[in-house]
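Both ligands and their constituent atoms are indexed starting at 1 by order of listing.
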Amino acid sequence: MLDARVTVGTHEAEVARLREAYAAWPPGVPVRLAKSTSNLFRFRGAAAAGAAAGLDVSAFGHVLCVDPATRTARVGGMTTYEDLCDATLPHQLMPLVVPQLKTITLGGAVTGLGIESTSLRSGLPHESVTELEILTGDGRVIRATDDNEHAELFRGFPNSYGTLGYTLSLTIELEPVRPFVHLRHFPFGSAEACMEAISQIAAEGSYHGHKADFLDGTAFALDELYLTVGAFSDVAPWRSDYTGQQIYYQSVRRDKEDFLTIRNYLWRWDTDWFWCSRPFGVQKPMVRRLWPRRYRRSDVYRKLVALDRRYRLTSRVNDKRNLPQREAVIQDVEIPVERGAEFLRFFAANVGMSPVWMCPLRLRGDRAWPLYPLQPGEVYVNFGFWGTVPLPEGQADGYHNRLVEDEVGRLGGHKSLYSTSFYAEDEFYQRYNGEAYRALKRGYDGEGRLLGLYEKCVSGR
Ligand SMILES: Cc1cc2nc3c(=O)[nH]c(=O)nc-3n(C[C@H](O)[C@H](O)[C@H](O)COP(=O)(O)OP(=O)(O)OC[C@H]3O[C@@H](n4cnc5c(N)ncnc54)[C@H](O)[C@@H]3O)c2cc1C
């Protein structure tokens, strides 16, 4: 939130303090951020998690200023989108892309890529950043923009996952909002028809006369898919609220039309972590009534999963009951829209998890970003799937994830790196532009104080 105590002056003092702390960091000890929340889905073991030292970046979790006149904001790198939107919405403004989970931070979404239902219109969060203040791996604090001497770092920062440096503040563009979002949920009986509708919306900006300020979708089965088209609105004949007993993803199947306040729209997926609150029982009416509203949040569920992974609770129960071990298949992938139906068919046959989130996107600008080379002008669909599936007899962890990686490559797609990856190093750097990455690493972290991208994202260090 906009914190009056955090002036630009105190920010500068905190930058100087952090720079000193970084310089004094013992050589050889891996540097990590000490943050109270995370949305990564790579869990280190108990020993590693306990041993990891953390750089205190709590001073960078505030909005420094919102300027309604220029429709921009300057924001600390560790500020959550929840706090950021709390600061911009009173000015009837929002960031151009607001990832759906409240504790995703602006720095995390830029270095790790984010996406949401405005991404067909406005691209990815990093495309509305105009300046990055970065503590580089070699200990400098620099300001990178698209046209200064650090332009290559500016363009190479997205998908670098904190391996080139940490962003301490960002300047971003904002866009005006209306008080409500008018949703229409359109059903489709085949993946092909659904992908065709996405292409049509990308070309026309609306569907059946309904303006597509927002667009995402939910696939429950190959013959049951929905696109949700949202239009800004000044009026709302009724207002739904999915932070109480009603569950948003279930409404997509049931209702043709809906109205939400802009704030409730932005966080519609957070209350039930899309549908991933199901294993905790929170979707059962009885449990939901008893589960305090303030704990119906994605960061609470994620902490529960982290505990489970850390102490291998589910895995031990499966062993004891002689049940097959399960593999976590938690990924977001981007597939060109014309191959989207093919991907859904592959996924249903080989992984078989449902629902699947669908979020169309197109780069806002006309240049590719080197470390995540989506093609300018091309419409992609982000498919998000988050759950576990039983491993076939004789197969080890990574079996399904590897199938997904191969299929994404075959279809000309890309895979986000916030979760597990299994690529060999050569293949990884072919896909994620090793040449550009290595040049940036030499230029901004020559001594390798921060981990490399492959070590961090694939080897899980
Ligand atoms: C189930 C699930 C669903 C998801 N769905 C979506 C979605 O719908 N939309 C979406 O946009 N994203 C989604 N994500 C991905 C999420 O946006 C990324 O994981 C993002 O990187 C998380 O940001 P964070 O702020 O929580 O960062 P963290 O989890 O704390 O860190 C992520 C990485 O970024 C680095 N990092 C963090 N802050 C900075 C900084 N200031 N400067 C440099 N490096 C930094 C960290 O070192 C780390 O490597 C999803 C993730 C999960 C697990």
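- Of all atoms in ligand 1, numbered sequentially from 1 with element shown, those under 4.0 Å from a heavy atom of Trp357 are 8 (O).
- Contacts between Thr111 and ligand 1 below 4.0 angstrom, taking non-hydrogen atoms only, involve the side chain exclusively.
- Taking every heavy atom of Gly162 and a limit of under 4.0 angstrom, the matching atoms of ligand 1 come to 43 (C), 44 (N).
- Proximity to Met78 (heavy-atom distance under 4.0 Å) selects the following atoms of ligand 1: 41 (N).
- Under the rule for a side-chain hydrogen bond (donor to acceptor under 3.5 Å, both in side chains), the partners of Arg121 that lie at least two apart in sequence or sit in another chain are Glu175.
- For atom 16 (C) of ligand 1, the candidate residues are Leu101, Ile104, Thr80; the nearest heavy-atom contact is made by Ile104.
- At a heavy-atom cutoff of 4.0 Å, ligand 1 is contacted by both the backbone and the side chain of Tyr161.
- In this structure, Phe274 has its ring center at least 6.0 angstrom away from the ring center of Tyr248.
- Between Phe346 and Leu403 there is a side-chain heavy-atom pair separated by less than 4.5 Å.
- A salt bridge between Arg74 and Glu131 is absent, with no side-chain N of the basic residue lying under 4.0 Å from a carboxylate O of the acidic one.
- Applying ring-ring contact (aromatic ring centres under 6.0 Å, His included) to Tyr226 and the options Phe188, Phe186, Phe220 leaves one that passes, Phe220.
- A salt bridge is absent between Lys415 and Glu427; no separation between the charged side-chain nitrogens and carboxylate oxygens falls under 4.0 Å.
- Contact analysis leaves Phe60 out of contact with ligand 1, as no non-hydrogen atom separation drops below 4.0 angstrom.
- Residue contacts with ligand 1, taken as heavy atom pairs separated by less than 4.0 Å, involve Phe274 solely via side-chain atoms from C-beta onward.
- Residues in residues 439-459 take part in these ring-ring contact (aromatic ring centres under 6.0 Å, His included) pairs, two or more places apart or across chains: His150-Tyr444, Phe428-Tyr454.
- When only interatomic distances are considered, the shortest N/O to N/O separation between Thr105 and ligand 1 falls below 3.5 Å.
- One finds no salt bridge joining Arg19 and Glu133 here, because no Lys/Arg side-chain nitrogen approaches an Asp/Glu carboxylate oxygen to under 4.0 Å.
- Within the 4.0 Å heavy-atom cutoff, Gly165 counts among the residues contacting ligand 1.
- Residue contacts with ligand 1: Gln100 is included, with a non-hydrogen atom under 4.0 Å away.
- An N or O contact shorter than 3.5 Å links Thr167 to ligand 1 by distance.
- Near Gly112, meaning under 4.0 Å from one of its heavy atoms, ligand 1 places the atoms 21 (O).
- Distances below 4.0 Å separate heavy atoms of Lys456 from the following atoms of ligand 1: 47 (O), 49 (O).
- Salt-bridge check for Arg296 with Asp272: failed, with every basic side-chain N at 4.0 Å or more from each acidic carboxylate O.
- Ring-centre distance between Tyr423 and Tyr429: not below the 6.0 Å cut-off.
- For the pair Val404 and Phe385, the minimum side-chain heavy-atom distance is below 4.5 Å.
- Closest heavy-atom approach to atom 10 (C) of ligand 1 within the set Thr163, Val97, Ile115: this belongs to Ile115.
- Within the listing of ligand 1, atoms 17 (O) sit less than 4.0 angstrom from a heavy atom of Leu113.
- The ligand atoms of ligand 1 that sit less than 4.0 angstrom from a heavy atom of Gly114 are 10 (C), 11 (O).
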